**Student:** 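The structure under discussion is supplied below as structure tokens; questions concerning it will follow.
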Amino acid sequence: MTTIYYVGYGAAHPGDFLYDFPEGHDFWLLILTHTPAEIWVQGSVREYPANCALLFRPGQKIWYRACAEQFVNDWVRFDTDESYLTETTLPLGVPLPLVDPGYFSRLFQLLATEHFFQYDYRELSIDYLLRLMFHKLLEAARETDRQPDEHQLLELRKRIHNNPGFAWSVPVMAESVHLSPSYLQALYKSAFGVSCMEDVIQSRVRLAKERLLYGSQRIADIAALCGYRNVEHFSRQFRRIAGCTPRSFRSSAGAAAEQS
């Protein structure tokens, strides 16, 4: 049997938030971070990205704090004698990155609804939801070679490639994935072999090539479409990537088309 003491979701805490229980609690605690946090894990404190789940057993040291202007999380406090929980193989007190944190957070919301209201099948529904949560945690734990921020980085890269003309900057990108600028740059380069701003530039040049090849827009208009306010700046970056100026690229493409 599992007894839930409290469930919360979407709780926002100030930037000086600190959760410090050296001796742990006398109950289990499961949390999901929506923002980055500094977490004590196996003797040291380091920053972890958003969208990680942590499970603490009774009596286990708990220490985490905000590392941004705000800390947001979901959590459930419970006691249990269910073997799938008491004998779990999940790493305890270790952040587990989630592939679909939105889905996992929705489970917290459903769990809270079942806990706070006396529905006919309340206990059975709570049991099903907890089992589903832990199945998802086990799936996340098996993906040990995945970086804890891979989901966020992939989503960011998709947005860059789909909208290269946006006013991208390292601070803007870092804020969108809830990471510090320096941490984002290191992780992005490690994950994709290119810096985040260089990826932006290459995406803009790809878009420019397409418009130069298949459109009749002025070069100044293409530069603006690709996110450049200055045509000369656009031309310099285009030449560095493509090996020629935008005008030469368009002329060469036109000449090749006439000869074919």
Side-chain angles (χ1 to χ4, degrees), residues 7-15 17-19 28-42 44-56 62-78 88 90-112 129-162 170-192 196 199:
V7 187
Y9 61 90
H13 309 278
F17 172 79
L18 170 63
Y19 199 87
W28 292 78
L29 173 65
L30 173 64
I31 71 168
L32 168 63
T33 64
H34 291 282
T35 51
E38 289 187 346
I39 304 171
W40 184 94
V41 178
Q42 299 175 347
S44 64
V45 175
R46 59 159 287 190
E47 179 181 335
Y48 289 86
N51 303 319
C52 289
L54 293 97
L55 175 66
F56 298 95
I62 305 172
W63 192 101
Y64 57 88
R65 70 181 179 190
C67 60
E69 293 183 0
Q70 193 178 54
F71 175 72
V72 182
N73 71 314
D74 305 333
W75 78 97
V76 56
R77 302 169 184 169
F78 62 94
T88 182
L90 288 169
L92 300 176
V94 177
L96 295 174
L98 299 174
V99 176
D100 191 348
Y103 177 85
F104 203 74
S105 185
R106 180 58 177 158
L107 292 178
F108 272 95
Q109 296 177 40
L110 293 171
L111 195 61
L129 287 168
L130 279 173
R131 289 177 184 273
L132 181 54
M133 272 188 173
F134 277 81
H135 290 160
K136 293 300 179 183
L137 286 175
L138 287 169
E139 289 176 358
R142 291 192 182 106
E143 298 184 35
T144 55
D145 58 343
R146 183 167 55 85
Q147 296 187 61
D149 38 51
E150 181 177 331
H151 176 74
Q152 295 182 91
L153 293 181
L154 287 172
E155 289 300 314
L156 172 60
R157 199 176 202 202
K158 286 179 189 176
R159 294 197 297 272
I160 290 172
H161 288 190
N162 289 334
V170 173
V172 167
M173 288 185 274
E175 182 177 358
S176 74
V177 293
H178 307 295
L179 297 173
S180 67
S182 59
Y183 190 41
L184 168 65
Q185 291 182 91
L187 291 175
Y188 200 99
K189 182 68 177 288
S190 175
F192 305 121
C196 45
D199 211 6

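Only a predicted model underlies this, so the values are computations on that prediction, with no experimental measurement involved.
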**Student:** Between Tyr64 and Val45, is a side chain to side chain contact (heavy atoms under 4.5 Å, CB included) present by the stated rule, with each step listed?
**Tutor:** CA-CA 8 Å; Tyr64 57 88; Val45 175; over 6 Å; no

**Student:** Got Glu155 and Ser176 here, is their nearest side-chain heavy-atom distance under 4.5 Å?
**Tutor:** no

**Student:** Mind checking the CZ-CG spacing from Arg106 to Leu129? Nearest 0.5 Å is all I need.
**Tutor:**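 That separation rounds to 10.0 Å.
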
**Student:** For the pair Phe71 and Phe17, name the ring-plane relationship: parallel under 30°, tilted 30 to 60°, perpendicular over 60°.
**Tutor:**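 Phe71 and Phe17: parallel rings.
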
**Student:** What are the two closest non-hydrogen atoms of Gly15 and Ala66, and how far apart are they?
**Tutor:**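 In terms of heavy atoms, the two residues are closest at O-CB, 3.5 Å.
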
**Student:** Could you walk me through whether Glu175 and Val172 pass the side chain to side chain contact (heavy atoms under 4.5 Å, CB included) test, one step at a time?
**Tutor:** CA-CA 5 Å; Glu175 182 177 358; Val172 167; 5.8 Å; no

**Student:** Could you go step by step and tell me if Met173 and Ile160 meet the side chain to side chain contact (heavy atoms under 4.5 Å, CB included) rule?
**Tutor:** CA-CA 9 Å; Met173 288 185 274; Ile160 290 172; 3.6 Å; yes

**Student:** Among Leu96, Ile31, Val94, Leu30, which residue meets the side-chain contact (heavy atoms from CB on, under 4.5 Å) test with Leu55?
**Tutor:** Leu30

**Student:** Decide yes or no for Leu32 and Cys52: does some side-chain heavy atom of the first lie under 4.5 Å from some side-chain heavy atom of the second?
**Tutor:** no

**Student:** Would you check if Gln185 and Cys196 make a side-chain contact, meaning some heavy-atom pair closer than 4.5 Å?
**Tutor:**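 Of all side-chain heavy-atom pairs linking Cys196 with Gln185, at least one is under 4.5 Å.
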
**Student:** With Arg157 as the cation and Phe192 as the aromatic partner, state whether NZ or CZ is under 6.0 Å from the six-membered ring centre and within 45° of the axis.
**Tutor:**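 Yes, Arg157 lies over the aromatic ring of Phe192.
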
**Student:** Can you confirm whether Ile62 sits close enough to Trp40 that some side-chain heavy atom of one is under 4.5 Å from a side-chain heavy atom of the other?
**Tutor:** no

**Student:** Nearest 0.5 Å please: distance from the CG atom of Leu184 over to the CG atom of Leu153.
**Tutor:**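 The CG atom of Leu153 is 6.5 Å from CG of Leu184, to the nearest 0.5 Å.
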
**Student:** Just so I know, are the side chains of Tyr9 and Leu107 near enough to count as touching, which here means a heavy-atom distance under 4.5 Å?
**Tutor:** no

**Student:** Using modelled atom types and a 3.5 Å cut-off, is there a donor and acceptor pairing between side-chain atoms of Thr35 and backbone atoms of Val72?
**Tutor:**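 Between the backbone of Val72 and the side chain of Thr35 there is a qualifying donor-acceptor contact (under 3.5 Å).
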
**Student:** For Ser190 and Leu187, indicate whether the former's side chain and the latter's backbone hold a donor-acceptor pair under 3.5 Å.
**Tutor:**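 Pair absent, no side-chain N/O of Ser190 close to backbone of Leu187.
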
**Student:** Evaluate the side-chain proximity of Val41 to Tyr48: yes if any heavy-atom separation is below 4.5 Å, no if none is.
**Tutor:** yes

**Student:** Is it true that His13 and Asn73 share a donor-acceptor pair across their side chains at a distance under 3.5 Å?
**Tutor:** yes

**Student:** Heavy-atom distance under 4.5 Å between the side chains of Tyr103 and Leu132, does that happen here?
**Tutor:** yes

**Student:** Which heavy atom in His34 sits nearest to a heavy atom in Ala50, and how many Å separate them?
**Tutor:**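 Looking at all heavy atoms of both residues, the closest pair is O-CB, 3.2 Å.
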
**Student:** Side chains of Ser180 and Glu47: does their closest heavy-atom pair fall under 4.5 Å?
**Tutor:** yes

**Student:** On a heavy-atom basis, which atom in Leu111 and which in Met133 lie closest, and how many Å separate them?
**Tutor:** CD2-CE, 4.0 Å

**Student:** With no hydrogens and no angle check, is any side-chain donor or acceptor of Thr33 less than 3.5 Å from a backbone partner on Pro36?
**Tutor:** no

**Student:** For Pro97 and Ala140, which heavy atoms make the closest approach, and how far apart are they?
**Tutor:** O-CB, 3.4 Å

**Student:** Determine yes or no for a side-chain-to-main-chain donor-acceptor pair under 3.5 angstrom, with Asp74 supplying the side chain and Phe108 the backbone.
**Tutor:**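 Here the side-chain-to-backbone pair does not exist.
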
**Student:** For side chain to side chain donor-acceptor pair (under 3.5 Å), just list the numbers for Asp199 and His161, CA-CA rounded to whole Å, side-chain angles, deciding distance to a tenth of an Å, and then say yes or no.
**Tutor:** CA-CA 8 Å; Asp199 211 6; His161 288 190; 3.3 Å; yes

**Student:** Measure across Glu38 and Trp63 and return the closest heavy-atom pair with its distance rounded to 0.1 Å.
**Tutor:** O-CZ3, 3.7 Å

**Student:** What are the two closest non-hydrogen atoms of Phe56 and Gly93, and how far apart are they?
**Tutor:**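 Result for this residue pair: CE2-CA, 3.6 Å.
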
**Student:** Rounded to the nearest 0.5 Å, how far does CG of Leu138 lie from NZ of Lys136?
**Tutor:**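 The CG atom of Leu138 is 11.0 Å from NZ of Lys136, to the nearest 0.5 Å.
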
